[in-house]
Undergrad: 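Dropping the structure in here first, questions after.
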Amino acid sequence: MTALPETEEVRVRLRFPGGMILDYRTERTIAERVAAHLRPHRIEVTIDELPDDRLRPLPCAELWTD
């Protein structure tokens with residue numbers, strides 16, 4: 001099995017405590033940074049290999065780059 005490149009696009013799902021769910025697409029490294037920041041705030045973050053071109057890009061994704 002070959003390792004996937006770190007810049008692959010993934011789906012990131014944000015589930016807020018009140019039940020609202022938002023799905024976006026973004027690069028894996030950005031999704032992981034967002035998850036690390038939001039999880040301590042009781043926001044459940046799921047990252048999976050199901051990107052869909054119909055999903056909106058993660059807003060302000062450039063804030064999570066190096």
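Computed from a predicted structure; not experimentally measured. When a residue number appears, it is its place in the shown sequence, counting from 1.
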Undergrad: For the pair R25 (side chain) and L55 (backbone), establish whether a donor and an acceptor sit closer than 3.5 Å, ignoring hydrogens and angles.
TA: yes
Undergrad: Could you state the interatomic distance from NE2 (H37) to CD1 (I43), rounded to the nearest 0.5 Å?
TA: 8.0 Å
Undergrad: Which heavy atom in I30 sits nearest to a heavy atom in A61, and how many Å separate them?
TA: CD1-O, 3.8 Å
Undergrad: Between P40 and A35, which heavy-atom pair has the shortest distance, and what is it?
TA: CD-O, 4.5 Å
Undergrad: First locate atom CZ of R28, then atom CG of D48, and finally report the distance between them rounded to the nearest 0.5 Å.
TA: 9.0 Å
Undergrad: Calculate, to the nearest 0.5 Å, the distance between atoms CZ and CD belonging to R39 and E44 respectively.
TA: 8.5 Å
Undergrad: Quick check against the 3.5 Å criterion: does R13 have a side-chain atom that pairs as donor or acceptor with the backbone of I21?
TA: no
Undergrad: Heavy atoms, side chains only, cut-off 4.5 Å: are L14 and V12 in contact?
TA: yes
Undergrad: From R11 CZ over to L58 CG, what is the distance, rounded to the nearest 0.5 angstrom?
TA: 14.0 Å
Undergrad: Can you name the closest pair of heavy atoms from P59 and Y24 and give their distance?
TA: CD-CE2, 3.4 Å
Undergrad: Could you tell me whether the side chain of R33 and the main chain of W64 form a donor-acceptor pair under 3.5 Å?
TA: yes
Undergrad: Any chance you could measure L50, atom CG, to E9, atom CD, to the nearest 0.5 Å?
TA: 12.5 Å
